[in-house]
Amino acid sequence: MRLNTAVRGFVVVVLSGSDLDESTSALQKGLSVIYLHFNGSHRAMRGAAMSVITAVSGFVLLTVTVVLGQDGWGVTYTSTPICAVKGSTVEIRCTYTYPSRQYNPYRVVRTFWLTKESNNEVVDLKTDPEYSGRVQYQCKHNDCTLRISDLRESDSAEYKFRFITNDPRGKYTGVPGVTLTVTDLQVQVSRSAVTGDSKSADLKCESSCPLPDNLSYIWYKNEQIIRQQTSNSYLNYWDPTNRISCAVRGYENSRSPSVVVKDVWDVTYTSTQVCAFKGSTAEIRCTFRYPSTINGTNTRVQKTFWFTKVKDNEPVDLTTESQYRSRVRYQYENNDCTLRITDLRESDSAEYKFRFITNNPGGKYTGVPGVSLTVTVPDPQLQVHVRRSTVNSYSNWTELTCHNNCQLPDQSSYIWYRNGHKLSSEKQYLHLNTFDSTDSFHCAVKGYEQFPSPTVYAPKLPSVSVSPSAEIVEGSSVTLTCSSDANPAASYTWYKEDAINPLSYQNQHVFSSILPSDSGKYYCTADNDLGQKRSESRTIDVKYAPKLASVSVSPSGEIVEGSPVNLTCSSDANPAASYTWYKEDVINPLSYQNQHVFSSILPSDSGKYYCTADNNLGQKRSESRTIDVKYPPRLPSVSVSPSAEIVEGSSVTLTCSSDANPAANYTWYKDNKVLSAGQQNVYHFIAIKLENSGNYSCKSENQYGQKNSTSLSIDVQYPPKLPSVSVSPSAEIVEGSSVTLTCSSDANPAASYTWYKEDEDSPKTSGHNFTISNIRPEHSGSYYCVAHNNRGTHNVTLQLTVREVFPLAAKLVVTGITLVVFLVIICLLVFFLLTKKKPSALFPLPGNRQDNNNKVSCTSPSQHTGKTESPPSHSEEDEELNYASVRFSTNQTDPIYYNIRSAGSRRQKVKEEDEHVEYAAVNFSSAPRNAHQESEEDPSELYSTVKKI
């Protein structure tokens, strides 16, 4: 049941539960409305408390929904009219209620705010692109707040809150909503005065809706703040160089446009171009300004009118012209002026100017230039404007607006067509929640159906073209073009298959220098606010020469002799490349496939390999890849340096050579005994010795195996060592026997022997043995053996003594005695002869005996030196001594001896032998001795002194 009651400009509307979303015609009559909603009977109205409603200037400042019990539906807004400054932030608050029930209780599933609804569709404010990023909803319990930031003038609208429950019929919209007016500040002249040549004006910072009275303002002159100006008015003396602007404190970013205060006489037209249909009504609006006082006299407007023609230099009032009679009406209020022309004719096309005349003789003013009115045949030149929102999945809508360039007659209705079929909506805009991309729409003004708008439709299937159409080569310029029939004109987006992000947003996608990586399948989408279409994919195949070829080896680990190995050559090329394999330092190619296969690789296959890739656009060579074939050691060989004869004391190096990969470790052996082990393949003798001779071998090994070399014999050559001599027989050598002298010496090569006797230049014999048969005493002496080979010589001396049957010493004694006796006899004979002549002289007294007694001395010269050595004299005896030197062997029991010493000159040996000479002195005395002496010595006694030098 509905009860509509108008009280003092208010309408109280009572709605039942089934009328939740209905409104009354009172809203269209400018009346404020209070909605009272009841779900129960009229009896439930009793006891209801109603809020007090205060109305100011036609606005409902506070509206409270009355809910009976807990079963009512309602939305309460804190304030219904709101005026806000452009650029600021506004908050609109409300509370909502809904009935409770026992079975399947209501539960709110969605809340949102809206400004538009048509075609039984509502538009969530958050889904409107015009509010994107500027709208926030805050709902807690049953309190909801709409917050809009960065306000724009286009945000001026009526905002309504709507909630939806889990019941399909449980939907409610708070009607009427909150009227938001977003104002842009303007600097206006409220009063002006002219005094002589001075002109002043009272400026006001005004808005299109009333702002609170307690606001503080900021004034700017030429972008500089004017100090101590905080009210919304400011007195300014006219200066055409000054630019004035204002702002509300706290909203300085929403400052009014800067204006130059014009002359105090002024006419401003709302629009300078007006288009209207023939037969329709046109309205031309303006505002005008004039000085409030001129030289102290208040100014009054006495006449206002519009004109198009001038006669006798005076404008002709339209109301006086017959062609406008009864079709023209002026409206004048508070410096606002309006010209209304009905039943327009094509002849009404002209420039219309407003003129006003004041009580001041010079106070006349015409707004020039005026407004150009164009009256056309009734072709509204309609256009369908499309807006679409796809913010979220639950609100996907499209808004169509039938837009015209010319002013339509009052109360014009619109007709909408889908695919040529008329729709029921007669509003200027049409909302669609679902839209098929195959649908088309157009509109017309009722009464002007013969002038429909162009049809709008989603894009048709786009086509893709490629330029150039021939083969595409790397580095060339290529253009992809997407074309689609669509109205409104389509926007294009280019994609590459398997790429996530779009490539470009033009109908052409240009490759200034196309690359191989640009090859692939491309497609485009054409879309407008009515839909989207995707083209078929177009393949771009970029031809290019081979890129740098790469070589891979399989297996990738170590390559062992005998294993299969594959070399693979790869190169990016279009068309596909042909491959050729090469080995460095080898002239001829190995193969002509992308793979080169070693079924059983050999060490000789080690080396550097490369391949070439070529097609009809070019050729590329790969980098070389080294193949290192691992294998166990081959049979080692042992070499010696120097390779000639090895001489004791020389530097000798043994080298073990074995081909192996990786390099082998070596072990050295001498006569099968380990000498050393390690990575060195050489064994070095700084000064080789005799004991280093022997059989040497080596072993080479790595992780793949081992091999032993054959033996190498090292024969160290050296000069003879100190020879050793022996005499056979070893007993006393007796004259007439056979004696063999043997000489032996350690030498390599074997020594040759030569026997010498000292003081003789020619050798006695050559050979190991020197045999003297029937040896005689004259064979006695020093013999030396010389051992020699090509590396040197060494000798040793042997003293040989032959014992005579009748010894030589005895013979010498006898001979000496005989000679002495003979000399004594001669001396006696001479003595006797002399005594006969001179007895006194011959026989002096004993006291007169002279010291120089006649003495006979026999001396045996030294066998080696040839010198005569005088034996010591006896000072107490005047006896005559005879000396003989006899040389004996130092060892009488063993007459054979040898000295072991290094070889030297024979002279040196003789000198050494002289040290072993023994002397014997034999004295014979014929003089008489005294009794004492005679008692002690026998005058004929033979004295022998053996002296070892």
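Everything quoted here is computed from the prediction, not taken from an experiment.
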Salt bridge check: are Arg634 and Glu701 linked by an N-O gap of less than 4.0 Å?
no

For the rings on Phe770 and His768, is their centre-to-centre separation under 6.0 Å?
no

Do Val565 and Val597 have side chains that approach each other closer than 4.5 Å (heavy atoms only, starting at C-beta)?
no

Which atom pair, heavy atoms only, marks the closest approach of Val734 to Val802?
C-CG1, 4.1 Å

Ser641 vs Val652 side-chain heavy atoms within contact, under 4.5 Å
no

For Trp581 and Gln593, indicate whether the former's side chain and the latter's backbone hold a donor-acceptor pair under 3.5 Å.
yes

Spell out, as yes or no, whether a donor-acceptor pair under 3.5 Å connects the side chain of Lys583 to the backbone of Ser606.
yes

Verify, without hydrogens or angle tests, whether Lys608 (side chain) and Asp585 (backbone) share a donor-acceptor contact under 3.5 angstrom.
no

Do side-chain atoms of Thr740 reach the backbone of Thr771 as a donor and acceptor pair under 3.5 angstrom?
no

Is Ser700 reaching over with its side chain to a backbone N or O of Pro636, donor-acceptor style, under 3.5 angstrom?
no

Side-chain ion pair, Glu584 and Arg621, N-O less than 4.0 Å:
yes

Does Asn681 use its side chain to pair, donor to acceptor, with the backbone of Cys656 at less than 3.5 Å?
yes

Determine whether a donor-acceptor pair (N or O, by modelled atom type, separation under 3.5 Å) exists between the side chain of Ser709 and the backbone of Cys698.
yes

Measure the acute angle between the ring planes of Tyr582 and Tyr610, then classify it against the limits of 30° and 60° as parallel, tilted or perpendicular.
parallel

Verify, without hydrogens or angle tests, whether Asp671 (side chain) and Tyr696 (backbone) share a donor-acceptor contact under 3.5 angstrom.
no

Donor-acceptor pair between Ser780 and Thr801 side chains, under 3.5 angstrom:
no

Return yes if some donor-acceptor pair links the side-chain N/O of Asn702 with the main-chain N/O of Pro662 below 3.5 Å, else return no.
yes

4.5 Å side-chain heavy-atom contact, Trp668 and Val638:
yes

Tyr753 and Ser745: which non-hydrogen atoms are nearest, and at how many Å?
OH-N, 2.8 Å

Please determine whether a side-chain nitrogen of the Lys or Arg among Arg776 and Glu735 lies less than 4.0 Å from a carboxylate oxygen of the Asp or Glu.
no

